[in-house]
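Here the structure is laid out as structure tokens; the discussion comes afterwards.
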Amino acid sequence: MKTARLAAGLTALALVVTGCGGGDGDDSEGDGDATVKLTLSQDVDTLLPMDSNVGDNISVLDVVYDGLVRYDPKTTKPYNYVAEDISSTDNTVWTIKIKDGLTFQNDEPVDADAFVRAWNYAAYGPNAMANNYFFERFAGYDEMQGEYEEDDEGNVTVTTEPTAKELSGLKVVDPQTLEVTLNGPFAGFATMLGYTGFFPVAQECIDDVEACAVKPIGNGPFEIEEWDQGQSLSAAKWDDYSLEETPDYGRIEWVEYSGDSDWADFEAGDVDASFPPPAEWQAAVSDPDLSSRMVEGPGAALTYIGFPMYLGKPFDDIEFRKAISMAIDRDTIIEKVVPGRFVAADSWVVPDGVPGGVAGTCEFCTFDPAAAKAALAKAGGWPKDKKLIIHLGEDEESEAIFKAVGDSIQLNLGIPYELDPTPDYFDRRSARDFTGIMRANWFPDYPLNENYLAPVYASGDPKLGNTSFGYYNADFEALIKEGDSAPDLESAVTKYQEAEKVIASDMASAPVAFSRNVMFYSDRLDNVVLDPFSGEVKLRQLKVN
């Protein structure tokens, strides 16, 4: 459940990030004391790794923490970083060797205990961490969940206490060796471990989680100075950092903005990287000076339409879902509403973005009004004068896109519609409080096609289906499990591709748009590389003149 910052955030992924590097190259000498000025969205509410799952706080934590593995921004391939070695003979029991001598910014050791305490905290249900579900594959996860409710203020009421407080699948062999036992084999386990939710934390962080959420104690090249939430955030280079990936500048200052409102400050020289609102896109790309400082590349995020199949007719009728999809003129909507920052989607896994991504798996993503009308007729039509509700979050750009989607459906199928932007989108979706179709978005946490499929559509519950849509298909679930149990990653990717074909056959959702990474940068910056997942500037590669 991720909410990328639309545009910059709705950017991201691609194995081939050709053209994703900006500037004149990486040979320039930087100013070791220079400050980079960037922007954040004002919806960032925590910097606790276990609870961070949106593009902005992930981008900040990428320079505050080091994980076991990191991802090459050009290939997305994982490589060991804090880990010395990650191995398994059966893909179920994994041995992780941790580099010796590493510390947190408070001098505590980064060792096996540091990962065990972080992962146990994240996996304990009543802690209500956003990244809790990443530990579903670990032995002992179910025993740590119990039953609880969380209110809008984040207060948790436990109705059934969990029977365990620690994952039985974690074993500290020695200070530098951690053994992890999963519920079953998963060839992609090592690929997951670069995600923010798997970062280690210091004991001091667990002792005062609220303080750590505002001022984390990291093990990365930068340490947080001060966060005035909703206003600004600053970080300074950590002098005792011992690993190799350290930038050549001294400080980072983020100013928090709403929507695209930072563009004016970028043009005034007060911000070093930004992108224009849709109305100013053409002027920006037509300006020779500005366009010479634009970096772009394929994105990883998929915007799609979810159907409340749990409501029954017409949403559980595949012909209705085909009709809605084929009635949407994706190319025209993108050209008119969000030029340059999206492309029409035709699959459920971004093609060429992760291992297993294939273009064109969505047969019914092609705009075809006549076929859409025929499919709607097969589904029994739409009740006269009844409006189709389109649920979505409160986001200016999403509302513009889905107003155009609604217009396209109304024009080509004669179905009137009404947008329902809501600040409680995720809570309402989880509670199945929607009466119409819904805008949804996903960008991957790690480079594997499985991450586009299993977290979104699998449930293991043939009666209720997955939480968001009520979707269930036993063949899909079986293929995901076969992929998980594959002897190697290549075989697993093939099985996950077969699982995507089931999603396509069921038209389980309607892909709408893939994001593109786009950023303009000031003449102070060089070697501007965008993160293939979040679309934000890779701060470790950045150089400042």
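It should be emphasised that the depicted structure is a prediction, and the values quoted were computed from it without experimental measurement.
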Exercise for the section: Name all pairs fulfilling the disulfide bond (SG atoms under 2.5 Å apart) condition that reach into residues 92-187, sequence neighbours left out, sorted by first residue then second. Expected result: none
Exercise for the section: Could you note down all residue pairs passing disulfide bond (SG atoms under 2.5 Å apart) where residues 161-256 supplies at least one of them, sequence neighbours left out? Expected result: Cys205-Cys212
Problem - Residue pair Arg137, Glu450: steps toward the salt bridge (charged side-chain N to carboxylate O under 4.0 Å, His left out) verdict - result: CA-CA 13 Å; Arg137 295 181 182 276; Glu450 172 269 351; 2.8 Å; yes
Please give me the minimum heavy-atom distance between [X] and [Y], naming the atom from each residue.
X      : Y      : result
Phe186 : Tyr496 : CE1-OH, 3.4 Å
Val69  : Asn80  : CG1-OD1, 3.7 Å
Thr39  : Trp254 : O-CD1, 3.8 Å
Pro78  : Pro447 : CD-CG, 4.4 Å
Tyr304 : Val456 : OH-CG1, 3.4 Å
Leu47  : Val60  : CD2-CG1, 4.0 Å

Keeping the roles fixed (side chain from [X], backbone from [Y]), state whether a donor-acceptor pair exists under 3.5 Å.
X      : Y      : result
Asn131 : Ser52  : yes
Ser485 : Pro185 : no
Gln145 : Ala123 : yes
Glu296 : Val518 : no
Ser232 : Asp228 : no
Asp272 : Val36  : no
Asp51  : Ala130 : yes
Trp227 : Ile224 : no
Glu226 : Ser234 : no
Thr103 : Pro109 : no

Practice task
Could you give me the CA-CA distance, side-chain angles and deciding distance for Phe307 and Phe469, then say whether ring pair (Phe, Tyr, Trp, His ring centres under 6.0 Å) is met?
Solution key: CA-CA 6 Å; Phe307 298 91; Phe469 317 126; 8.4 Å; no
Practice task
Would you check if there is a donor-acceptor pair between the side chains of Asp488 and Ser491 at a distance under 3.5 Å?
Solution key: yes
Exercise for the section: Let me see the working for Lys215 and Glu225 under salt bridge (charged side-chain N to carboxylate O under 4.0 Å, His left out), right down to the final yes or no. Expected result: CA-CA 8 Å; Lys215 191 172 183 179; Glu225 293 179 320; over 6 Å; no
Practice task
List the steps, then state whether salt bridge (charged side-chain N to carboxylate O under 4.0 Å, His left out) holds for Lys99 with Asp111.
Solution key: CA-CA 8 Å; Lys99 289 177 181 175; Asp111 53 15; over 6 Å; no
Problem - Ring-ring centroid check Tyr310 Phe434, cutoff 6.0 Å - result: no
Exercise for the section: Please confirm whether Phe222 and Tyr249 have ring centers closer than 6.0 angstrom. Expected result: yes
Check the surroundings of atom [atom1] in [X]: do more than 12 heavy atoms from other residues, nucleotides or ligands lie under 6.0 Å from it?
X      : atom1 : value
Glu253 : CD    : yes
Glu490 : CD    : no
Asp239 : CG    : no
Lys37  : NZ    : no
Lys171 : NZ    : no

Exercise for the section: Please step through side-chain hydrogen bond (donor to acceptor under 3.5 Å, both in side chains) for the pair Asn527 and Gln541, ending with a clear verdict. Expected result: CA-CA 7 Å; Asn527 201 41; Gln541 279 75 30; over 6 Å; no
Exercise for the section: Taking the side chain as every heavy atom from C-beta outward, state whether Ser509 and Trp348 have any atom pair closer than 4.5 Å. Expected result: yes
Exercise for the section: Apply side-chain hydrogen bond (donor to acceptor under 3.5 Å, both in side chains) to Ser88 and Asp90, showing your working. Expected result: CA-CA 6 Å; Ser88 177; Asp90 60 4; 3.2 Å; yes
Exercise for the section: Over 60° means perpendicular and under 30° means parallel, so classify the ring planes of Trp119 and Phe138, tilted if in between. Expected result: perpendicular
Practice task
Is it possible for you to check whether Lys463 lies under 6.0 Å from the centre of the six-membered ring of Tyr472, through NZ or CZ, and within 45° of that ring's axis?
Solution key: no
Practice task
Flag the pair Arg540 and Asp531 as a salt bridge only when some basic side-chain nitrogen lies within less than 4.0 angstrom of an acidic carboxylate oxygen.
Solution key: no
